[in-house]
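Okay, structure first, notes after.
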Amino acid sequence: MNAMKIGELSRQTGVSIPAIRYYVSLGLLVPARDSYQYYFNEEDRRALLFIVRLKNWGFQLDEIHRILSLKRFAVGVEPEERVDYLKLLFSRYHGLQREIEILQKRMDEIKEEIENEKKQDFQIRQTGLPLRAIPLLCCPHCHSGFQLGNVSMDSRYIFDGSLFCQCGYRAAIKNGILYSEDGRVHEHDKADTGRSLYRECPSGLVSLVQKSYNWMGKRLRKLDLTEDKVLMETHLNSFFFFYNNLDLLAAGSLCIVHDKFPEIVELYKGYIDQMGLDLNIVYLTSDSSLPIREGSVDLLLDYNSTNEHGIFSREYYLDKMRRYLKPEANVVGTYFYFEPRSRSLQNLIASYPENHPDNYTLNYFKDALKCGGYRLLEEERIGVSCDSGPGLTFIFHEKEEKLFLNSFVLKKMG
C-alpha cells in the first residue's frame with residue numbers, strides 16, 4: 001500500500017484528524033515525515049485501528065502505548081511479550097467485570113428508585129377556605145362584610161359556597177378556592193400551567209434563585225411569623241416562594257396566596273393538598289381587586305411581584321398593596337433589574353405596551369419605596385444571570401445581558 005496523507009488515513013479509519021495528530025504527538029503512531037507533512041503506511045493504519053480497538057476495550061492511552069511498545073520490539077512469537085500482553089488483557093478483563101458489577105448495582109438502585117416513585121402514596125389532605133379567614137374578607141368595592149350561602153364545610157374549612165355583599169358584589173368558593181367575579185386577564189398575558197419558567201430555567205439562574213430564597217428564608221426566620229400572623233404572596237404565575245418554603249408557615253399562621261389565573265391557583269392547591277400538611281392557606285384568584293380587609297396582613301412576600309405587576313400596570317405594586325398591610329408590617333422579597341438603556345428593557349416595552357417605562361430598573365424600585373412610605377431595612381445583590389431561558393417570565397431578556405437579583409427587607413412606615 002502506498003503512503004497516504006493524514007486526510008486519507010482519517011477517511012479510511014473514521015478517526016478524526018485532530019485525534020490522529022494527538023496520537024502522533026504521544027508517540028502512539030510514528031509515521032514518516034517529509035518537511036511538515038506526515039505520510040502513513042499500512043502498518044500505521046493497522047496500528048491506528050488497534051489503538052481504536054484497545055480504547056473501545058477501556059484501555060488508557062498510557063496502557064495502549066505500553067502495549068504498542070511491547071509489539072514494536074517483538075514479532076509476536078516471543079513468550080515474554082505474549083505473557084506481558086496477556087497480563088494486560090487479563091487485568092482489563094477483570095476490570096470490566098468489576099465495572100459490570102458496579103453498573104449492575106447502580107441499575108438495581110435505579111430500578112428500586114423507579115418502583116418507589118411509582119408506588120409513592122401521597123397523604124392527600126383536602127383543604128378549603130379556613131373559617132378563621134372569614135373576618136379578613138370584605139367586599140373590594142364597598143368594604144362591607146360578606147354573607148355566606150350554599151355552604152359546604154366542616155369544622156375548619158369551607159369547601160364550596162357563595163359570598164354576597166349588599167352592594168351586589170359576588171364571589172364563589174369552589175373546591176376550597178375563592179374566585180372573585182372581577183377577574184380580567186390582559187391580552188399579552190397567559191397562564192404558565194406547564195411551568196416553563198422552572199422546567200426550562202438555566203441551571204445558573206436556578207442557583208441564583210435558590211440563593212435568594214436562602215437569603216430571604218434566613219430573614220423571615222428572624223421575624224415573628226408564628227401564631228395569629230397573616231402572610232400574603234401574589235403573582236404565583238411567575239414565582240411562588242412559599243411553595244418551596246412551606247416550612248416557614250407556622251401551624252398557627254394564616255397565608256393568603258393569590259394569582260389572577262384560576263388555573264395557576266388550582267394547580268398549586270392540588271400540589272399542596274397532596275403534601276398532607278396541616279396549614280391554613282387562603283387560595284384566592286382575582287385580578288384588579290382583592291376581597292381582603294385593609295390593614296390585615298403582617299408580612300407581604302414580594303418575589304418578582306413588583307416586576308410582574310409593573311408589566312401590566314402603571315401603579316406601583318407596593319403602593320397598591322400598602323392598604324392591606326398592618327402598620328409596621330414587613331415586606332421581604334427579591335427585585336429583578338437590568339442595566340439602564342439595555343436592549344432587554346427595550347424588548348420589555350415593545351412586548352408589553354402597558355408596562356411601566358421604568359420597570360425592571362433599580363431606580364424605579366428604590367425611588368418608589370421612598371415615595372410609598374417604606375423603609376429599606378436590609379438588601380443584598382444576590383447575583384447576575386446572563387441567560388434566563390425561554391420561559392414566559394423573562395421572554396424579553398436579551399441573552400448575554402445582565403439580569404440582576406436584589407433581595408430586600410422593608411418595613412411599612414405607619
May I ask you to check whether over 12 heavy atoms, not counting those of Tyr93, lie within 6.0 Å of atom OH? no

Would His258 and Ser286 count as having a side-chain donor-acceptor pair, cut-off 3.5 Å? yes

Do Lys366 and Tyr335 meet the cation-pi criteria used here (NZ or CZ under 6.0 Å from the six-membered ring centre, within 45° of the axis)? no

How are the rings of Phe59 and Trp57 set to each other: parallel, tilted or perpendicular (split at 30° and 60°)? tilted

Lys/Arg N to Asp/Glu carboxylate O, Glu101 vs Lys105, below 4.0 Å: no

Show your reasoning for whether salt bridge (Lys or Arg N to Asp or Glu O under 4.0 Å) applies to Arg11 and Glu8. CA-CA 5 Å; Arg11 284 189 291 274; Glu8 179 63 23; 3.0 Å; yes

Would you please classify the geometry between the His141 ring and the Tyr169 ring as parallel, tilted or perpendicular, with 30° and 60° separating the classes? perpendicular

Donor on one side chain, acceptor on other, Asp367 and Asn363, under 3.5 Å: no

Quiz item: cation-pi between Lys412 and Tyr374, 6.0 Å / 45°: no

Would you call Arg45 and Glu42 a salt bridge, taking side-chain N to carboxylate O under 4.0 Å as the test? yes

What orientation do His235 and His309 show, parallel under 30°, tilted 30 to 60°, or perpendicular over 60°? perpendicular

Is Lys71 salt-bridged to Glu43, cutoff N-O under 4.0 Å? no

How far apart are the C-alpha atoms of Tyr364 and Tyr337, what are their side-chain angles, what is the distance that settles it, and do they pass the ring pair (Phe, Tyr, Trp, His ring centres under 6.0 Å) test? CA-CA 9 Å; Tyr364 167 69; Tyr337 67 93; over 10 Å; no

Any idea how Phe396 and Tyr360 line up, ring-wise: parallel (<30°), tilted (30 to 60°), or perpendicular (>60°)? perpendicular

Gln37, CD atom: more than 12 neighbouring heavy atoms under 6.0 Å: yes

Is there a salt bridge (Lys or Arg N to Asp or Glu O under 4.0 Å) between Asp160 and Lys174 once you walk through the steps? CA-CA 5 Å; Asp160 297 282; Lys174 299 177 183 178; over 6 Å; no

Residues in salt bridge (Lys or Arg N to Asp or Glu O under 4.0 Å) contact with Arg219, at least two apart in sequence or another chain: Glu378

Check each of Asp278, Asn280, Asp273 against Thr127 using the side chain to side chain donor-acceptor pair (under 3.5 Å) test, and report the only one that passes. Asp273

Quick one: do Asp247 and Arg221 make a salt bridge, cutoff under 4.0 Å? yes

side-chain contact (heavy atoms from CB on, under 4.5 Å) between Glu339 and Phe404: does it pass, once the steps are laid out? CA-CA 8 Å; Glu339 294 176 324; Phe404 298 88; 3.5 Å; yes

Asp387 versus His397, closest heavy-atom pair with distance: N-CE1, 3.8 Å

Would you check, one step at a time, whether the test side chain to side chain donor-acceptor pair (under 3.5 Å) holds for Glu380 with Asn406? CA-CA 6 Å; Glu380 182 172 324; Asn406 195 69; over 6 Å; no

What's the verdict on side chain to side chain donor-acceptor pair (under 3.5 Å) for Ser407 and Thr334, showing C-alpha distance, side-chain angles and the deciding distance? CA-CA 4 Å; Ser407 296; Thr334 295; 2.7 Å; yes

Side chain to side chain donor-acceptor pair (under 3.5 Å), that's the test. Do Asp302 and Thr306 meet it? Break it down for me. CA-CA 7 Å; Asp302 175 8; Thr306 291; 2.6 Å; yes

Could you tell me how the ring of Phe241 sits relative to the ring of Tyr303: parallel (under 30°), tilted (30 to 60°) or perpendicular (over 60°)? parallel

Working note: Tyr268 + Glu263, criterion side chain to side chain donor-acceptor pair (under 3.5 Å); need CA distance, chi angles, decisive distance, verdict. CA-CA 9 Å; Tyr268 277 119; Glu263 51 266 56; over 6 Å; no

For Gln166, look at atom CD and say whether over 12 heavy atoms of other residues, nucleotides or ligands are found less than 6.0 Å away. no

If you draw a 6.0 Å radius around NZ in Lys326, do more than 12 non-hydrogen atoms from other residues or ligands fall strictly inside? yes

Would you tabulate the side-chain donor-acceptor contacts of residues 109-116 under 3.5 Å, counting partners in other chains and residues two or more places apart, or write 'none'?
unit_1: Asn116; atom_1: ND2; unit_2: Glu112; atom_2: O; d: 3.3

With distance as the sole criterion, is a donor-acceptor pair present between the side chains of Ser196 and Asp192 under 3.5 Å? yes

Decide if atom CZ of Arg156 counts as having more than 12 heavy atoms of other residues, nucleotides or ligands within a radius under 6.0 Å. yes

Arg33 atom CZ, over 12 foreign heavy atoms within 6.0 Å: yes

